[in-house]
Asks: 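Sharing a structure below in structure tokens format, with a few things to ask.
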Amino acid sequence: MRRLSAWKSEVLWRIFLLCFAVLLGVNSAAAQSYHIRAGDILRIEVLEDPELNRSVLVTPDGRISVPMAGTMRASGQPIEAVQRGLAGRLASAFTNPPNVFVSIERLADPRLDAREQAKPQLISVFVMGEASTPGMLKIPPNTSVLQAFAAMGGFTKFAAIKRIQLRRAATIVPLNYRQIEAGSATGHMKLRDGDVIIVPQRRLFE
């Protein structure tokens with residue numbers, strides 16, 4: 001009777017181990033197929049230096065920042081790719097290649113993700129010279145030249161507003177603000193990401 005009871009216990013134990021192994025394999029496969037998203041919180045552990053262990057947020061632009069490794073893209077990548085990337089960046093700080101482990105500590109809220117996707121994507125336009133606020137403008141797609149002039153606050157009193165240039169790759173488009181004010185079609189030209197607007201300084205007696 002005791003032998004039968006021991007045999008049953010051994011069978012149950014083997015079944016438990018088999019189920020655990022199957023479950024572990026499923027979780028491992030799921031982790032491999034999951035691609036990191038903005039808003040996820042990752043747990044990073046470095047076996048050789050526990051001071052580097054931390055939880056990091058994947059920022060809206062899809063990046064993470066880790067001391068000694070700097071900033072790197074994580075969004076859209078599987079966990080294994082982020083592990084390899086971090087290990088490669090940290091390798092120079094260790095005698096031997098470090099053992100880096102990355103896991104998902106918390107998934108992004110899908111409702112927040114949907115709201116982020118619903119937001120219009122902005123483009124970057126660069127303004128140089130005699131503009132009221134030179135620098136980089138973050139504006140919605142399909143913003144016109146005239147709307148961009150308004151977004152940068154107009155021009156300084158030294159601006160040569162008849163000789164403004166729009167530079168797009170190797171193309172230069174002359175822009176005359178006086179003509180645009182009078183209804184020139186160039187004022188309705190749609191700007192693209194990376195466009196540069198140059199407002200030169202006016203010459204003497206100009």
Side-chain angles (χ1 to χ4, degrees), residues 17-129 131 133-143 148 151-152 167-170 191-198:
L17 290 177
L18 179 61
C19 291
F20 180 76
V22 170
L23 182 61
L24 187 63
V26 169
N27 288 339
S28 177
Q32 289 175 7
S33 63
Y34 179 75
H35 284 65
I36 296 166
R37 297 184 306 161
D40 286 348
I41 295 179
L42 307 182
R43 181 62 188 174
I44 297 172
E45 297 184 355
V46 182
L47 192 61
E48 288 76 9
D49 189 353
E51 290 188 5
L52 292 174
N53 296 350
R54 65 199 58 238
S55 299
V56 297
L57 172 70
V58 182
T59 58
D61 65 353
R63 299 178 181 277
I64 58 171
S65 294
V66 178
M68 298 172 63
T71 301
M72 63 176 285
R73 176 163 292 280
S75 181
Q77 298 192 60
I79 293 171
E80 289 78 8
V82 175
Q83 282 186 172
R84 289 194 300 270
L86 285 173
R89 286 169 174 253
L90 292 170
S92 62
F94 296 90
T95 305
N96 297 312
N99 293 285
V100 179
F101 301 95
V102 178
S103 59
I104 302 291
E105 184 171 293
R106 193 172 71 205
L107 294 173
D109 186 337
R111 295 169 298 176
L112 294 177
D113 186 55
R115 286 200 292 269
E116 286 298 321
Q117 291 180 4
K119 290 181 180 178
Q121 299 299 312
L122 301 180
I123 62 173
S124 299
V125 172
F126 302 88
V127 181
M128 301 174 60
T133 53
M136 182 174 67
L137 288 179
K138 300 293 283 186
I139 54 178
N142 296 318
T143 296
M152 68 191 195
R167 298 199 177 188
R168 178 176 293 166
L191 294 173
R192 298 178 188 172
D193 190 52
D195 280 352
V196 179
I197 296 173
I198 300 177

Asks: Search all heavy atoms of Pro140 against all heavy atoms of Thr143 and return the closest pair with its distance.
Replies: O-OG1, 2.6 Å
Asks: Between Val46 and Pro98, which heavy-atom pair has the shortest distance, and what is it?
Replies: CG1-CB, 4.3 Å
Asks: Testing the basics here: between Ile197 and Ala148, what is the closest heavy-atom pair and its distance to 0.1 Å?
Replies: CD1-CB, 4.2 Å
Asks: Strictly distance-based, threshold 3.5 Å: is any side-chain N or O of Arg84 a donor or acceptor partner for the main-chain N or O of Val82?
Replies: no
Asks: Kindly compute the distance separating CZ (Arg43) from CZ (Arg54), expressed to the nearest 0.5 Å.
Replies: 8.5 Å
Asks: On a heavy-atom basis, which atom in Asp40 and which in Ala108 lie closest, and how many Å separate them?
Replies: OD1-N, 2.7 Å
Asks: Kindly give the heavy-atom pair with the smallest separation between Met68 and Ala93, and that separation in Å.
Replies: CE-CB, 3.1 Å
Asks: Please report the interatomic distance CD(Glu48) to CG(Asn96), rounded to the nearest 0.5 Å.
Replies: 8.0 Å
Asks: How long is the span from the CG atom in Leu47 to the CG atom in Leu52, to the nearest 0.5 Å?
Replies: 11.5 Å
Asks: With a 4.5 Å heavy-atom cut-off, do Pro78 and Ile36 have their side chains touching?
Replies: no
Asks: Closer than 3.5 angstrom, by distance alone: can the side chain of Gln83 be matched with the main-chain N or O of Val102 as a donor-acceptor pair?
Replies: yes
Asks: Mind checking the CD1-CZ spacing from Ile104 to Arg37? Nearest 0.5 Å is all I need.
Replies: 9.5 Å
Asks: So which atom in Leu191 and which in Ile123 form the shortest heavy-atom distance, rounded to 0.1 Å?
Replies: O-CD1, 3.6 Å
Asks: Kindly indicate whether the side chain of Lys138, heavy atoms from C-beta on, has any atom under 4.5 Å from the side chain of Ser124.
Replies: yes
Asks: To the nearest 0.5 Å, how far apart are CD in Glu105 and CG in Leu57?
Replies: 11.0 Å
Asks: Side chains of Ile79 and Ser103: closer than 4.5 Å at any heavy-atom pair?
Replies: no
Asks: Would Thr133 and Val127 satisfy side-chain contact (heavy atoms from CB on, under 4.5 Å), going step by step from the backbone distance to the final call?
Replies: CA-CA 8 Å; Thr133 53; Val127 181; over 6 Å; no
Asks: Determine yes or no for a side-chain-to-main-chain donor-acceptor pair under 3.5 angstrom, with Arg73 supplying the side chain and Asp61 the backbone.
Replies: yes
Asks: CZ of Arg63: more than 12 outside heavy atoms within 6.0 angstrom?
Replies: yes
Asks: Give, for atom CE of Met128 and atom CZ of Arg167, the distance between the pair rounded to the nearest 0.5 Å.
Replies: 8.0 Å
Asks: What do the steps show when you test Asp49 against Leu90 for side-chain contact (heavy atoms from CB on, under 4.5 Å), and what is the final call?
Replies: CA-CA 11 Å; Asp49 189 353; Leu90 292 170; over 6 Å; no
